[in-house]
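Heavy-atom basis, side chains included; hydrogens, waters and symmetry copies ignored. Bear in mind the structure is a predicted one, so any value in this text is a computation, not a measurement.
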Amino acid sequence: MLSGWRYRLESVAGVAALTAVAVAVANSVAVHALLGRLPVVGRLAADAPMGAELIFEVVTTVVVVTAAFVPLYKPRPRRILDTVALVQKRVMVAMFALAAVGYFDYTYRLPRTTLIAITPVLLVVLPAWFVWIRRRPTAETDRVIVVGDDPAEIERLAGDVDLPLLGYLCPTSSIDAVAGSEESRAIATAVADGGGRIRELDRLGGLSRIEDVLVEYDVDTAVLAFEHTDRAEFFGALDACYEHGVAAKVHREHADRVLTADDDVGTLVDVDIEPWDVQDHVLKRGFDVAFSLVGLVALSPVIVAIAAAIKLDDGGSILYSQERTAVFGETFDVYKFRSMIPESESVEPVDDESNDRITRVGRFLRQTHLDEIPQLWSILVGDMSVVGPRAVWTDEESLLEAQERSWRKRWFVKPGLTGLAQVNGAKSTEPEEKLRYDLQYVKRQSFSYDMKLVTRQIWKVGADVVETIRE
């Protein structure tokens with residue numbers, strides 16, 4: 001099976017090419033003549049489009065069908081029957097969409113005869129294409145691996161897995177030199193001497209190979225056996241599971257660091273690594289793009305005025321950037337209008353009322369939330385969302401984690417410009433209250449709930465602007 005971007009590109013190219021060929025063949029004179037002889041369908045037969053008209057009809061169909069298959073472009077391990085069923089469902093969605101286009105006065109809508117002709121063809125060739133590039137397993141049981149950084153932890157959790165295990169992933173350094181209990185050192189020595197086997201399981205490689213292994217072995221579930229749930233390894237493994245649609249389980253001792261199903265019992269618990277369903281995810285991203293584009297265009301005069309005011313105030317830079325934490329502990333640079341004197345930004349939470357490092361223009365920007373406008377760009381490129389937990393500085397993250405053990409549960413949702421904590425005025429100086437609001441949002445998140453929070457935030461910003469002007 002292909003992996004990563006290569007799989008995405010080949011799956012998209014295959015859908016587009018096969019759809020284009022199907023439409024071109026179905027619109028040929030010979031096929032239309034054959035269809036004209038069939039009962040019922042023959043009544044719909046019309047002259048086959050030619051030239052530019054045919055090209056535009058092919059393009060229209062390819063765009064609609066390719067868009068309908070978006071959920072299948074992610075390299076997720078599925079068995080043959082699951083793949084066929086899902087692809088055929090997407091074909092029917094695309095056909096209904098093309099039929100709906102026919103009701104509008106669109107010049108290049110697909111003829112009904114052509115639509116009837118390509119439907120059975122695509123119901124066969126597209127599932128065959130996805131089966132070909134995925135090479136699904138034939139086993140009836142889940143395919144499970146253990147991923148960890150400590151041989152003793154892998155040994156312990158492997159015994160709690162009821163399903164047959166394919167093998168495990170573990171860094172070579174963890175096997176060569178393990179600090180800790182005598183049991184850990186004994187297992188590490190046995191692994192090193194015995195060719196990398198734990199509980200008769202083969203070592204499939206180090207953590208750097210996790211994405212290749214998930215795809216190569218068509219893994220359904222990954223059991224994460226990390227002694228320390230650190231950002232670089234534990235959440236990196238979760239990120240890989242998220243990207244490849246693989247279910248993840250952790251020991252219940254680590255349940256306070258992750259999102260888990262409410263009905264989890266036993267030693268291992270399921271991690272909810274993708275809390276948004278497909279429909280809400282598409283709506284959310286679509287709203288993010290539309291909101292950020294409209295905001296940047298509509299506020300362009302305000303952006304120019306703010307830039308001029310900052311330059312006239314002290315002549316310093318207009319923007320400043322900070323590295324902030326995103327989904328699964330990844331980082332990105334967020335931009336804001338500079339509101340403090342140059343080179344005085346601190347990782348420590350500050351009180352706007354008493355901080356003398358805030359400039360005159362900066363104080364107004366903070367009070368009216370206008371310093372946040374450049375973050376619309378981060379939303380547009382996908383680093384942030386309109387609604388979500390507040391993105392905090394990476395240096396501040398460790399301070400907040402030390403105070404609140406469940407802080408990392410916020411990492412399962414893309415950070416937002418606004419959110420439940422923001423509209424309720426909770427700040428990073430109050431980590432316990434902020435975390436309570438953030439986790440409440442994570443549990444209740446939906447597109448409709450996002451719209452309520454956006455409405456509340458817009459009302460709040462408007463009220464703050466009016467109040468600031470009156471002062």
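- For the residue pair S385 / D288, a side-chain donor-acceptor distance below 3.5 Å is found, with atom types taken as modelled.
- Here the closest non-hydrogen pair linking L376 and F291 is CD2-CE2, 3.9 Å.
- Between Y335 and Q375 the shortest side-chain heavy-atom distance does not fall below 4.5 Å.
- More than 12 non-hydrogen atoms from other residues, nucleotides or ligands lie less than 6.0 angstrom from OH of Y449.
- Distance CG/L224 to CG/D149: 10.5 Å, rounded to 0.5 Å.
- Side chain of T19 to backbone of A16: no donor-acceptor contact under 3.5 angstrom is found.
- How far OG1 of T418 is from CD of E372: 9.5 Å, rounded to the nearest 0.5 Å.
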**Request:** Report the C-alpha distance between R90 and L126 in whole Å, list the side-chain angles of each, state the deciding distance to 0.1 Å, and finish with yes or no for side chain to side chain contact (heavy atoms under 4.5 Å, CB included).
**Result:** CA-CA 10 Å; R90 303 317 297 181; L126 290 183; over 6 Å; no

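- The closest side-chain heavy-atom distance from L72 to F130 is below 4.5 Å.
- No side-chain heavy atom of V147 sits under 4.5 Å from any side-chain heavy atom of V213.
- A donor-acceptor contact shorter than 3.5 Å is absent between the side chain of K89 and the backbone of V84.
- Rounding to the nearest 0.5 angstrom, the gap separating the NZ atom in K414 from the CD1 atom in I379 is 10.0 Å.
- Here the shortest heavy-atom pairing between A240 and L214 reads O-CD1, 3.8 Å.
- The shortest side-chain heavy-atom distance between Q457 and L453 does not fall under the 4.5 Å cut-off.
- Under the 4.0 Å criterion applied to side-chain N and carboxylate O atoms, D220 and R143 are not assigned as salt-bridge partners.
- Legend: residues meeting salt bridge (charged side-chain N to carboxylate O under 4.0 Å, His left out) with R456, ordered by chain and number and at least two apart, are absent.
- Take S448 and apply the side chain to side chain donor-acceptor pair (under 3.5 Å) test, not counting sequence neighbours, and it matches S446.
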**Message:** Assess the residue pair T61 and L98 against the criterion (side chain to side chain contact (heavy atoms under 4.5 Å, CB included)); give the C-alpha distance rounded to whole Å, side-chain angles, the decisive distance to 0.1 Å, and a yes or no.
**Reply:** CA-CA 7 Å; T61 308; L98 287 169; 3.7 Å; yes

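- Under the 4.5 Å side-chain criterion, counting only non-hydrogen atoms from C-beta, C170 is in contact with I154.
- For the residue pair V161 and L165, the shortest heavy atom distance occurs at CG1-CD2, 3.8 Å.
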**Prompt:** side chain to side chain contact (heavy atoms under 4.5 Å, CB included) between I145 and V223: does it pass, once the steps are laid out?
**Reply:** CA-CA 6 Å; I145 64 170; V223 178; over 6 Å; no

**Request:** Check the pair L319 / K336 against side chain to side chain contact (heavy atoms under 4.5 Å, CB included), numbers first and verdict last.
**Result:** CA-CA 6 Å; L319 300 174; K336 298 177 68 175; over 6 Å; no

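- Put simply, the side chain of M92 reaches to within 4.5 Å of the side chain of L123, judged on heavy atoms.
- Contact detail for F234 and F226: the closest heavy-atom pair is CD1-CD1, 3.6 Å.
- Side-chain contact annotation: Y441 with D450, donor-acceptor N/O pair under 3.5 Å present.
- Applying the side chain to side chain contact (heavy atoms under 4.5 Å, CB included) criterion to V381, with sequence neighbours excluded, gives W377, D383.
- When side chains are defined from C-beta on, M384 counts as touching V334, because their heavy atoms get closer than 4.5 Å.
- Q88 approaches P127 most closely through the heavy-atom pair CG-CG, 3.8 Å.
- Distance check, rounded to the nearest 0.5 Å: CZ of F69 to CG of L86 gives 10.0 Å.
- Of all the heavy atoms in T331 and E323, the pair that sits closest is OG1-OE2, 3.5 Å.
- Annotation: side chain of V250 is not in contact with side chain of L157 (no heavy-atom distance under 4.5 Å).
- For the atom pair CD (E155) and CG (L201), the distance works out to 9.0 Å, reported to the nearest 0.5 Å.
- Considering NZ of K452 and CZ of F447, their distance stands at 13.0 Å, rounded to 0.5 Å.
- Put simply, the side chain of R209 gets close to the backbone of L204: a donor and an acceptor are under 3.5 Å apart.
- A donor-acceptor pair is defined here as one N or O able to donate and one able to accept, closer than 3.5 Å; such a pair exists between the side chain of Y73 and the backbone of T66.
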